K.L.:
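Supplied in structure tokens, the structure appears directly below.
Just so it is clear: chains get the letters A, B, ... in the order the sequence lines come, proteins before strands, and each one is counted from 1. Bear in mind the structure is a predicted one, so any value in this text is a computation, not a measurement.
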Amino acid sequence: MLQVTQIREHKESFIAALKKRNFQAEELFEQVLQLDETRRATQTELDNTLAESNKLSKEIGMLFKSGEHEKANKVKAQTGSLKENSKKLSEKLQQVEEKINQILYTIPNVPHESVPAGISEDDNEEIFNEGDIPVLAEGSLPHWELAKKYDLINFDLGNKVTGAGFPVYKGKGARLQRALITYFLDKNIEAGYTEYQVPLMVNEDSGFGTGQLPDKEGQMYHVQNDDLYLIPTSEVPLTNMFRDDLLTEKDLPIRCTAFTPCFRREAGSYGAHVRGLNRLHQFDKVELVNLVKPEDSYETLDNMVAHVKNILRELKLPYRVLRLCGGDLGFTSALTYDFEVFSTAQDRWLEISSVSNFETFQANRLKVRYKNKEGKKELVHTLNGSSLALPRVLAGILENYQTENGIKIPEVLVPYTGFDMID
RNA sequence: GGAGAAAUGGCAGAGUGGUCGAAUGCACCGGUCUUGAAAACCGGCGAGGGUCACACCUCCGGGGGUUCGAAUCCCUCUUUCUCCGCCA
């Protein structure tokens with residue numbers, strides 16, 4: 001969420017920037033600033049009241065000690081109204097703070113200056129593309145057909161065991177997926193990331209920390225008996241590890257990577273676009289999370305983009321990079337680059353990575369700060385990105401690498417798979 | 001799952017109702033001494049809010065309560081440890 005102090009200082013420019021998202025902030029900002037006035041005034045009043053009663057309490061203590069009980073009781077009688085008053089004030093304070101937060105929760109992050117205005121994904125800006133789109137032979141198949149033909153993925157079994165959106169990977173399909181995971185992790189480690197294995201379920205605090213709660217509650221699977229949520233991405237546990245932390249300058253940058261399954265309810269998504277591996281309830285993903293000093297965050301974002309490009313280049317997949325427009329930008333992000341790989345058989349682009357800079361938006365809610373050179377506390381900037389989401393990469397490989405004799409394995413993966421052909 | 005014990009500053013560890021935001025030791029920072037370092041000695045040293053700076057307020061695992069006053073008493077939750085049971 002945004003910081004009240006920032007809103008106060010940059011009100012006009014924030015309002016203008018948020019318009020790129022088609023978000024009208026003016027009125028909400030006014031409300032927040034007004035409530036914040038009340039908050040501060042109430043705080044001061046409460047502090048003074050408490051100071052007064054602290055003083056009296058001390059006095060009573062000393063009087064009792066010196067045996068002046070009568071006097072002490074007299075002073076005691078004065079404390080009643082103070083107590084009542086401070087109770088009222090602290091209730092009011094709580095209410096006001098609650099109200100402020102309620103509003104702040106509804107305001108998305110301020111888009112970076114480079115973010116184009118726009119309404120939908122059609123307005124995203126393609127900034128890069130690479131890799132030739134292969135011309136496939138007659139009779140080439142979409143990945144779900146290939147998966148069936150070569151017995152790589154069994155959707156029916158998943159249906160039987162669990163339900164739609166939970167495929168079973170089998171044989172070379174399973175091994176190819178495992179190879180990709182290991183390959184991605186190795187690339188990330190090579191780039192300076194530390195590998196983590198994190199819990200797949202998180203508590204409510206973590207859900208709030210990264211902003212899945214309270215709004216996107218429907219996106220996550222909820223284990224009611226224990227009040228835990230299955231993670232929709234490892235960003236949630238990875239980032240929440242640092243919740244409420246006060247870091248030192250030399251702790252930064254923090255670079256984490258993790259492979260986890262991800263669970264998404266994806267309520268309301270049906271149709272041809274969710275066919276096969278396009279959209280699943282459970283899928284694997286390797287994630288990158290960076291916590292950096294504010295002044296370093298955009299360089300870090302560029303590095304992450306370059307890193308993901310490099311992986312796709314090595315895999316020799318045709319892909320493009322989009323700068324998301326305001327309308328398509330995620331709630332918490334200031335600037336996001338999406339990576340899409342071309343699905344030849346489906347003749348469409350599939351999103352396989354999303355790399356974002358959240359600036360302080362996440363850190364503010366999570367209270368992740370560090371002590372800068374001057375010893376002042378500052379919120380860190382957080383960034384994350386996928387490297388990569390497995391199913392669609394798999395889909396891309398199956399479709400783009402299919403030949404009449406079978407599916408070739410990208411060269412860089414052969415050491416990981418132990419085979420170079422699926423046939 | 002059952003029974004018991006515990007949770008205090010970076011760490012260790014005092015503190016069972018009243019100048020306790022918290023003794024002491026270690027670590028850390030600054031200084032004296034030294035050619036330099038170590039030792040010794042002197043000083044400083046938790047966090048958040050607030051202020052130009054003070055004042056002042058809040059925080060002793062989390063939440064709630066009793067009291068004029070809570071680290072200290074009560075309730076509750078969480079976590080850790082020990083013992084028993086179960087288990088990949």
Side-chain angles (χ1 to χ4, degrees), chain A residues 1-9 32-101 104 197-209 213-214 222-229 237 240-252 254 260-261 291 360 363-380:
Chain A
M1 60 186 189
L2 296 177
Q3 296 162 265
V4 177
T5 49
Q6 294 288 306
I7 293 176
R8 200 183 306 139
E9 270 173 55
V32 167
L33 292 178
Q34 218 163 67
L35 284 167
D36 189 55
E37 289 287 319
T38 312
R39 201 210 91 223
R40 284 184 294 166
T42 311
Q43 180 79 63
T44 308
E45 208 182 334
L46 175 64
D47 283 359
N48 291 338
T49 311
L50 288 174
E52 185 67 18
S53 62
N54 283 347
K55 222 170 83 186
L56 290 182
S57 289
K58 270 181 191 169
E59 214 175 306
I60 293 167
M62 287 199 287
L63 288 172
F64 271 125
K65 237 183 187 173
S66 58
E68 301 173 74
H69 292 254
E70 223 171 279
K71 240 181 172 173
N73 282 321
K74 248 189 216 165
V75 180
K76 215 161 140 176
Q78 296 173 30
T79 59
S81 67
L82 283 174
K83 215 184 161 187
E84 215 174 284
N85 205 7
S86 65
K87 202 176 166 188
K88 248 191 275 175
L89 286 169
S90 64
E91 270 165 22
K92 184 177 171 192
L93 187 65
Q94 221 181 329
Q95 278 170 14
V96 173
E97 279 174 348
E98 180 70 16
K99 264 192 210 162
I100 293 175
N101 282 334
L104 287 178
Q197 287 192 17
V198 294
L200 304 183
M201 290 196 250
V202 295
N203 57 31
E204 200 173 53
D205 286 346
S206 294
F208 272 99
L213 297 174
H222 185 200
V223 181
Q224 274 169 13
N225 273 347
D226 301 285
D227 205 13
L228 295 172
Y229 295 85
N240 272 287
M241 293 196 295
F242 304 97
R243 170 154 44 90
D244 293 323
D245 274 2
L246 182 62
L247 304 162
T248 64
E249 200 181 358
K250 55 174 199 279
D251 293 327
L252 298 173
I254 292 173
T260 67
L291 310 192
T360 60
N364 186 35
R365 203 163 180 178
L366 286 159
K367 294 207 177 60
V368 189
R369 297 156 305 158
Y370 83 105
K371 260 188 186 163
N372 66 18
K373 273 202 187 69
E374 294 90 56
K376 277 189 126 178
K377 282 140 218 141
E378 253 189 301
L379 292 168
V380 302

K.L.:
Taking atom C1' of B:rG46 as reference, at what distance in whole Å does atom CZ of A:Arg369 sit?
P.N.:
12 Å
K.L.:
Can you tell me, in whole Å, how much space there is between the C1' of B:rA70 and that of B:rU16?
P.N.:
11 Å
K.L.:
Please give the nucleotide sitting opposite B:rA3 as a Watson-Crick or G-U wobble pair, both distances under 3.5 Å, or none.
P.N.:
B:rU82
K.L.:
For nucleotides 16-22 of chain B, tabulate all protein N/O to nucleotide N/O atom pairs closer than 3.5 Å, reporting atom names and distance.
P.N.:
{"unit_1": "B:rG18", "atom_1": "N2", "unit_2": "A:Ser57", "atom_2": "O", "d": "2.8"}

K.L.:
For B:rC73, what is the paired nucleotide under Watson-Crick or G-U wobble rules, both distances under 3.5 Å?
P.N.:
B:rG65
K.L.:
Using the C1' atom as the reference point in each nucleotide, state the distance between B:rA71 and B:rG13 in Å, no decimals.
P.N.:
14 Å
K.L.:
State the pairing partner of B:rC60; accept Watson-Crick or G-U wobble contacts with both distances under 3.5 Å, and report none otherwise.
P.N.:
none
K.L.:
Check the pair A:Val368 / A:Leu379 against side-chain contact (heavy atoms from CB on, under 4.5 Å), numbers first and verdict last.
P.N.:
CA-CA 6 Å; A:Val368 189; A:Leu379 292 168; over 6 Å; no
K.L.:
Separation of A:Asp244 atom CG from B:rA47 atom P, in whole Å?
P.N.:
16 Å
K.L.:
Please set out all donor-acceptor pairs under 3.5 angstrom arising from side-chain atoms of residues 34-47 of chain A, sequence neighbours excluded.
P.N.:
{"unit_1": "A:Asp36", "atom_1": "OD1", "unit_2": "A:Arg39", "atom_2": "NH1", "d": "2.6"}
{"unit_1": "A:Asp36", "atom_1": "OD2", "unit_2": "A:Arg8", "atom_2": "NH2", "d": "2.7"}
{"unit_1": "A:Asp36", "atom_1": "OD2", "unit_2": "A:Arg40", "atom_2": "NE", "d": "3.4"}
{"unit_1": "A:Glu37", "atom_1": "OE2", "unit_2": "A:Arg40", "atom_2": "NH2", "d": "3.0"}
{"unit_1": "A:Thr38", "atom_1": "OG1", "unit_2": "A:Gln34", "atom_2": "O", "d": "3.2"}
{"unit_1": "A:Thr42", "atom_1": "OG1", "unit_2": "A:Thr38", "atom_2": "O", "d": "2.6"}
{"unit_1": "A:Gln43", "atom_1": "NE2", "unit_2": "A:Asp47", "atom_2": "OD1", "d": "3.2"}
{"unit_1": "A:Thr44", "atom_1": "OG1", "unit_2": "A:Arg40", "atom_2": "O", "d": "2.8"}

K.L.:
Pick the P atom in B:rA22 and in B:rC57, then give their distance to the nearest Å.
P.N.:
13 Å
K.L.:
Any strand is fair game: report the nucleotide pairing with B:rC20 by Watson-Crick or G-U wobble, both distances under 3.5 Å, or none.
P.N.:
none
K.L.:
Who passes side-chain hydrogen bond (donor to acceptor under 3.5 Å, both in side chains) against A:Glu98, sequence neighbours left out?
P.N.:
A:Gln102
K.L.:
Whole-Å distance between B:rA47 C1' and A:Lys367 NZ?
P.N.:
13 Å
K.L.:
Expressed in angstrom and rounded to an integer, what is the separation of A:Asp205 atom CG from B:rU79 atom C1'?
P.N.:
14 Å
K.L.:
Report yes if some heavy atom in the side chain of A:Asp227 is under 4.5 Å from a heavy atom in the side chain of A:Val223; otherwise report no.
P.N.:
no
K.L.:
Name the pairing partner of B:rA27, where a pair is Watson-Crick or G-U wobble with both distances under 3.5 Å, or state none.
P.N.:
none
K.L.:
Return the set of residues passing ring pair (Phe, Tyr, Trp, His ring centres under 6.0 Å) with A:Phe208 (not counting sequence neighbours), or none when no residue passes.
P.N.:
none
K.L.:
Using the side-chain hydrogen bond (donor to acceptor under 3.5 Å, both in side chains) criterion, which residues pair with A:Asn203? Sequence neighbours excluded.
P.N.:
A:Ser206
K.L.:
Expressed in whole Å, how much space separates the C1' atoms belonging to B:rG46 and B:rG10?
P.N.:
9 Å
K.L.:
Between B:rC33 and B:rC42, how many Å separate the two C1' atoms, rounded to a whole number?
P.N.:
11 Å
K.L.:
Got a sec, which residues hit ring pair (Phe, Tyr, Trp, His ring centres under 6.0 Å) with A:Tyr229, two or more places apart in sequence or on another chain?
P.N.:
A:His222
K.L.:
Decide yes or no for A:Val202 and A:Leu228: does some side-chain heavy atom of the first lie under 4.5 Å from some side-chain heavy atom of the second?
P.N.:
no
K.L.:
Apply side-chain hydrogen bond (donor to acceptor under 3.5 Å, both in side chains) to A:Arg365 and list each qualifying residue two or more places apart in sequence or on a separate chain.
P.N.:
none
K.L.:
My understanding is that only residues two or more places apart in sequence, or in another chain, count here; which of them pass side-chain hydrogen bond (donor to acceptor under 3.5 Å, both in side chains) with A:Thr248?
P.N.:
A:Asp251
K.L.:
Measure CG/A:Asn73 against P/B:rG69 and give the value in whole Å, please.
P.N.:
14 Å
K.L.:
What is the distance, to the nearest angstrom, from the CD atom on A:Glu45 to the P atom on B:rG50?
P.N.:
17 Å
K.L.:
Provide the distance between the two P atoms, one in B:rU80 and one in B:rC87, to the nearest whole Å.
P.N.:
22 Å
K.L.:
Rounded to the nearest Å, what distance is computed from the CD atom of residue A:Glu204 to the P atom of nucleotide B:rU78?
P.N.:
14 Å
K.L.:
For residues 77-86 of chain A, please give each side-chain donor-acceptor pair under 3.5 Å, one per line with the distance, not counting sequence neighbours.
P.N.:
{"unit_1": "A:Thr79", "atom_1": "OG1", "unit_2": "A:Lys76", "atom_2": "O", "d": "2.6"}
{"unit_1": "A:Ser86", "atom_1": "OG", "unit_2": "A:Leu82", "atom_2": "O", "d": "3.3"}
{"unit_1": "A:Ser86", "atom_1": "OG", "unit_2": "A:Lys83", "atom_2": "O", "d": "3.0"}

K.L.:
Only pairs at least two apart or in different chains count here, so list each ring-ring contact (aromatic ring centres under 6.0 Å, His included) that has a residue in residues 44-100 of chain A.
P.N.:
A:Phe64-A:His69
K.L.:
Is there a side chain to side chain donor-acceptor pair (under 3.5 Å) between A:Glu378 and A:Tyr370 once you walk through the steps?
P.N.:
CA-CA 6 Å; A:Glu378 253 189 301; A:Tyr370 83 105; 3.0 Å; yes
K.L.:
So do A:Leu50 and A:Leu89 actually touch side chain to side chain, heavy atoms under 4.5 Å?
P.N.:
no
K.L.:
For A:Asn203 and B:rC77, what is the distance between atoms CG and C1' respectively, to the nearest whole Å?
P.N.:
13 Å
K.L.:
Encode nucleotides 51-60 of chain B as B, S and - characters from 5' to 3', where the letter depends on protein heavy atoms closer than 4.0 Å: B to the base, S only to sugar-phosphate, - to neither.
P.N.:
-----SSS--
K.L.:
Select base, sugar-phosphate, or nothing to describe what A:Lys371 touches, counting heavy atoms under 4.0 Å on all strands.
P.N.:
sugar-phosphate
K.L.:
Paired with B:rU51: which nucleotide, if any, by Watson-Crick or G-U wobble criteria at under 3.5 Å for both distances?
P.N.:
none
K.L.:
For atom P, what is the distance between B:rA7 and B:rG62, given to the nearest Å?
P.N.:
13 Å
K.L.:
Give me the residues of residues 86-100 of chain A where at least one heavy atom lies under 4.0 Å from an atom of RNA chain B, by number, or none.
P.N.:
none
K.L.:
Rounding to the closest angstrom, what is the interatomic distance between B:rC11 and B:rG50 at atom C1'?
P.N.:
31 Å
K.L.:
So, is A:Lys76 near the phosphate of B:rG69, with a side-chain N or O under 4.0 Å from OP1 or OP2?
P.N.:
no
K.L.:
Any strand is fair game: report the nucleotide pairing with B:rC87 by Watson-Crick or G-U wobble, both distances under 3.5 Å, or none.
P.N.:
none
